[in-house]
Amino acid sequence: MPQATGLVAELQARFGDKVECKVHRGDRGVFDVLVDGQRIFSKDELGRFPKRGEVVDLIAPRLGGKSR
């Protein structure tokens with residue numbers, strides 16, 4: 001959970017109110033990031049949590065911005 005809340009803070013710092021972040025507590029270790037209903041990152045598929053800045057780099061072009 002600390003990694004997920006850290007990512008939320010990173011996204012809000014970078015994008016402000018352009019993004020809405022929701023963290024749902026679960027018990028299966030699932031971590032997916034969706035943009036407009038489309039999955040852009042899946043811990044289950046990759047077998048790892050995203051690296052720092054990785055999700056920002058995936059979201060930025062979709063919001064018309066540059067990645068880091």
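Values below: every heavy atom of this structure, side chains too, minus hydrogens, waters and symmetry copies.
In this structure, NZ in Lys51 is found 11.0 Å from CG in Asp57, a value given to the nearest 0.5 Å. Taking CD from Gln12 and CD from Glu20, the interatomic distance works out to 10.0 Å, rounded to the nearest 0.5 Å. Ile40 contributes atom CD1, which lies 5.5 Å from atom CZ of Arg62 (distance to the nearest 0.5 angstrom).
Taking all atoms of both residues into account, the shortest heavy-atom contact from Ala60 to Arg14 is CB-NH2, 4.1 Å. Residue Pro50 comes nearest to Glu54 through the heavy atom pair CA-OE1, 3.3 Å, listed as atom of the first residue, atom of the second, then distance. Taking each heavy atom of Pro2 and Thr5 in turn, the nearest pair found is O-OG1, 3.0 Å. Residues Lys43 and Phe49 approach most closely at CG-N, 4.1 Å, considering heavy atoms. Across all their heavy atoms, Val56 and Phe15 have their closest contact at O-CZ, 3.8 Å.
In the hydrophobic cluster analysis, where Ile, Leu, Val, Met, Phe, Trp and Tyr join through side-chain heavy atoms closer than 4.5 angstrom, Val19 is grouped together with Val35. No continuous path of hydrophobic side-chain contacts links Leu34 to Val8 [ILVMFWY only; heavy atoms under 4.5 Å].
Exactly one residue among Asp44, Leu46, Leu7 makes a side chain to side chain contact (heavy atoms under 4.5 Å, CB included) with Phe31. That residue is Leu7.
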Query raised in the report: Please walk me through it: do Ile59 and Leu11 pass side chain to side chain contact (heavy atoms under 4.5 Å, CB included)?
Result: CA-CA 9 Å; Ile59 292 174; Leu11 292 171; 3.7 Å; yes

